Amino acid sequence: MTITPEFRPAPGDLEEHEFLVNMGPQHPSTHGVLRVILRVDGERLVDAIPDIGFLHRCFEKVAEGWTYQQVVPLTDRLDYVSAMTNELAYVMAVEKLAGIEVPERAQWLRVLVAELQRIASHLVWFGTFALDLGATTPFLYAIREREHILDLFEALCGARLTYSYMRIGGVRGDLPPGFVGKTREFLKLMPSRLREYENLFMKNRIFENRTKGIGRVTAEEAVAYGASGPTLRGSGVDWDLRRDEPYAAYDRFEFGVPVGQSGDVYDRAVCRFKEMYESLKIIEQVLDGLPEGDVRAKVPRVLKPPAGDVYTRVESPRGEVGVYLVSDGGPKPYRVKWRAPSFAHLRLLPVMAKGHMVADIVAIIGSIDIILGEVDR
Amino acid sequence: MSGASDQRSSTARALRDHLAGAAPFAETDVRPDGEVVVRVPPDKAVAAAEALAGFQPHPLNYLSCVSGVDRPDEDQIEVVYTVHSLPGPAKASLRVRVDRKAERPSLPSLVQVWPAADYHEREVYDLLGVWFEGHPDLRRILLAETFEGHPLRKDFVQNRPPRRRVTREDYQP
């Protein structure tokens, strides 16, 4: 087998005036180690071919050798910007397979941390997206606000990035003293800050010019290629798993689902940004109505779910995180398959990029908010 | 909540009836959560996928996930296409099995029915060694092109070929 060193595969049908440009895997705006082979005609993109796998850590193979409980910390390391929702997807799959009932309070706490995580993740997206487009200041602001959430999580479980807070049958522990008060302070502070960002950046003329009409995806394409989350809603498809297929305690809360129209970078960005307001609403409702009770069901130390398979999905900040879990009745999962939203969105990258300028690819990659940890697994 | 689950089970029953007409060769089974399990032989996979995608009023148009499961005890690899309707409550999983001992275990690609299958099928090919006939661009996706073997097969660790140093010659045309 022979491979050309720079570009695999080297397209045989390269036109005379076209050439290939290599972008990444070491590039500040590929959010990790994404390599994109750009086929350009002058400044115009003819094609963009993603090349992935640089961060492959054999998650699915490793998980087959560990017990069900031991896999939870591994899932943190997939989408490391939104570890809580990953854990949630995995423990929900095990619970469904083993038929474990989760206490009501634990379900509410899961919603609480998942929504805090969503805000933290969207803040990282907001900062880095602005950075990609050349605005340095929003990144510093966004990271400052994210710090509040990381402090809360640190008080909750001791970790700031890879939490392992979800347990099979519930959560690790109850809220520490002072958590509710600090969260309420954050809720009070955040709306004004979000409005500030909106005025500073989202309504900025330069931002609008860079993003409107760029990387357009129709609703049909988005569904056909398996887009989910804000990438799907930006194209005008009104679909949110939290509302349409409620899991944990999401059916108890009132919240809106922002939907875009044209499916361009701007609409995706606005959808993501508005989601933060909705998450704040959910957090407030959780704090107001948090029921008393246990936070963890009794689960045997050596967990052996009955043989079978199950697919569960949750709405992560990036979209649909799905877990296909197969058990053979033993103490270890027979197969764990991770469905990562970013993986599906990368397939859309060539569709989005075609015909735009080279500089726009940076905005397009930023708008789908990819995390290479979950793409490569 | 009960209304939603009623709708799920009635949709599942309707889907099962639809498949009995549109894909009579398929072996179907309804799970308590409303998932319709569809088992078909490899040569009927495309017809079954088209029958699923043509279900009304909730076409199963959204391919969530393609998972390969190696089952050495049965000498088979099972490929599971998890599909949902979007929007709508219908969900199904299309299961196709292939002989894992074949030199080149192959299944028909379903990219024509669900374009999202593109990367997912490449991943199954990469990690489990199932060839998808008719796939537009079947290459390894997560591992390097020089990698030998398919690591998600259960016997990969025992049967792993001896490690070979990748040399400059590997990368010369």
Side-chain angles (χ1 to χ4, degrees), chain A residues 1-6 8-10 49-56 58 60-61 64-65 96 220-228 232 237-239 241 244-246 251 308-313 320 322-326 328 334-340 343-344 346-348 351 375-377, chain B residues 1 4 8 31 33 35 37 59 61-71 73 78 80 82-89 91 93 95 113-120 122-124 126-128 137 139-148 151-154 156-157 168-173:
Chain A
M1 185 169 50
T2 53
I3 307 140
T4 52
E6 286 86 14
R8 32 184 187 172
I49 308 154
D51 180 15
I52 59 176
F54 295 95
L55 204 60
H56 184 56
C58 321
E60 289 172 8
K61 188 74 179 172
E64 288 175 10
K96 193 170 167 192
E220 291 76 35
E221 281 171 340
V223 173
Y225 286 108
S228 49
L232 180 67
V237 183
D238 191 5
W239 181 257
L241 291 175
D244 298 312
E245 207 183 284
D251 48 348
D309 63 277
V310 71
Y311 181 83
T312 55
R313 47 182 188 166
E320 174 185 332
V323 183
Y324 180 72
L325 187 68
V326 184
D328 60 349
Y334 187 76
R335 174 87 167 89
V336 184
K337 156 80 190 178
W338 203 264
R339 191 264 189 212
F343 187 75
L346 264 189
R347 179 61 189 82
L348 270 170
V351 180
V375 174
D376 294 344
R377 279 157 283 151
Chain B
M1 273 308 275
R8 261 185 203 297
R31 296 246 173 110
D33 65 344
E35 180 185 331
V37 178
N61 51 358
Y62 186 81
L63 179 76
S64 284
C65 176
V66 180
S67 336
V69 184
D70 187 19
R71 298 186 185 276
D73 308 341
E78 187 177 36
V80 183
T82 309
V83 284
H84 293 90
S85 60
L86 198 150
K91 55 177 163 180
S93 60
R95 288 151 199 247
V113 186
W114 295 304
D118 183 352
Y119 275 20
H120 292 288
R122 274 178 70 186
E123 191 191 317
V124 175
D126 188 0
L127 301 179
L128 283 132
D137 182 26
R139 287 180 290 128
R140 284 191 183 271
I141 187 165
L142 293 176
L143 304 175
E145 281 89 341
T146 49
F147 195 89
E148 286 171 29
L152 274 184
R153 290 204 179 188
K154 294 284 178 187
F156 171 73
V157 178
R168 189 162 262 281
E169 276 68 51
D170 283 315
Y171 284 98
Q172 295 305 319

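Just the heavy atoms: all of them, side chains too, but no hydrogens, waters or symmetry mates, feed the values below. All values derive from a computational prediction rather than experimental measurement. In what follows, chains carry the letters A, B, and so on, assigned in the order in which the sequence lines appear, proteins first and then strands, with residues in each chain numbered from 1.
- For A:D328, no part lies under 4.5 angstrom from a heavy atom of chain B.
- Atoms CD1 and CG, from A:I49 and A:L346 in turn, are 13.0 Å apart once rounded to the nearest 0.5 Å.
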Given the rule in the salt bridge (charged side-chain N to carboxylate O under 4.0 Å, His left out) test, do B:D33 and B:K91 qualify, once you have shown the distances and angles that lead to the verdict?
CA-CA 9 Å; B:D33 65 344; B:K91 55 177 163 180; 3.7 Å; yes
When you look at A:R335 and B:E78, which way does the salt bridge (charged side-chain N to carboxylate O under 4.0 Å, His left out) test go after all the steps?
CA-CA 12 Å; A:R335 174 87 167 89; B:E78 187 177 36; over 6 Å; no
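- Contact of B:R122 with chain A is not made at all, since no heavy-atom distance falls under 4.5 Å.
- Contacts of B:L143 with chain A are made by side-chain atoms alone, with heavy-atom separations under 4.5 Å and no backbone atom involved.
- Only the backbone of B:V66 comes within contact range of chain A, judged by heavy atoms closer than 4.5 Å.
- For A:V375, the part sitting under 4.5 Å from any heavy atom of chain B is the backbone (N, CA, C, O) and nothing else.
- A distance of 12.5 Å separates OH of A:Y311 from CG of A:L325, quoted to the nearest 0.5 Å.
- When heavy atoms are compared at a cutoff of 4.5 Å, B:T82 approaches chain A solely by way of its side chain, counted from C-beta outward.
- Among residues two or more places apart in sequence or in another chain, the side-chain hydrogen bond (donor to acceptor under 3.5 Å, both in side chains) test is passed with B:R140 by B:D126.
- In this structure, no portion of A:E221 lies under 4.5 Å from any heavy atom of chain B.
- At least one donor-acceptor pair under 3.5 Å links the side chain of B:Y62 to the backbone N or O of A:G226.
- Interatomic distance, OH of B:Y119 versus CD1 of B:I141, reported as 5.5 Å (0.5 Å rounding).
- The structure places OG1 of A:T312 at 6.5 Å from NZ of A:K96, a figure rounded to the nearest 0.5 Å.
- At a 4.5 Å heavy-atom cutoff, the contact between B:H84 and chain A is made by side-chain atoms alone.
- The distance from atom CG of B:L86 to atom CG of A:D238, rounded to the nearest 0.5 Å, is 10.0 Å.
- Taking B:A116, B:P87, B:P89 one by one and counting their heavy-atom pairs under 4.5 Å with chain A, the maximum is reached by B:A116.
- Of the two parts of B:P115, the backbone and the side chain both hold a non-hydrogen atom closer than 4.5 Å to a non-hydrogen atom of chain A.
- For A:Y225, the parts sitting under 4.5 Å from any heavy atom of chain B are the backbone and the side chain alike.
- No other option in A:P50, A:C58, A:A227 has as many heavy-atom pairs under 4.5 Å with chain B as A:A227.
- Top candidate by heavy-atom pairs under 4.5 Å with chain A, chosen from B:S93, B:A117, B:G68, is B:G68.
- Only the side chain of A:V326 comes within less than 4.5 Å of a heavy atom in chain B; its backbone stays farther off.
- Ring geometry for B:F156 against B:F147 counts as parallel: the plane angle stays under 30°, on a 0 to 90° scale with 60° as the upper cut.
- Both the backbone and the side chain of A:E60 come within contact range of chain B, with heavy atoms under 4.5 Å apart.
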